[in-house]
Amino acid sequence: MITYVKESIEELKNNVTLPSKAESSNLMVVVAVFSILFALATWGVDTVLSKVIKLYFNNFLN
């Protein structure tokens, strides 16, 4: 376990680089756009299913 931790730290020091500020900003915009699109898709599916369930219960149980 100790060897694994040491090798992980060494990997982080030697092989991992942080993206530039511009690249980070671009990636943040991409994540924000896809998050909004996913939220809208989830809202749309929820709305449609809610209406279908209401229609089912209003027509078949009354």
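Values reported hereafter were calculated over all heavy atoms of this structure, with side chains retained and with hydrogens, waters and symmetry mates removed.
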Considering only heavy atoms from C-beta outward, does the side chain of L55 approach that of K51 to under 4.5 Å? no
Hydrophobic cluster membership, with links at side-chain heavy-atom distances under 4.5 Å among I/L/V/M/F/W/Y: are L37 and V45 in one? no
With a cutoff of under 4.5 Å between side-chain heavy atoms, which Ile, Leu, Val, Met, Phe, Trp and Tyr residues group with V31? none
To the closest 0.5 Å, what do you measure between CD (E23) and CG (L18)? 10.5 Å
Determine whether a donor-acceptor pair (N or O, by modelled atom type, separation under 3.5 Å) exists between the side chain of S50 and the backbone of D46. no
Result for side chain to side chain contact (heavy atoms under 4.5 Å, CB included) between I9 and one of K13, E11, E7 points to K13
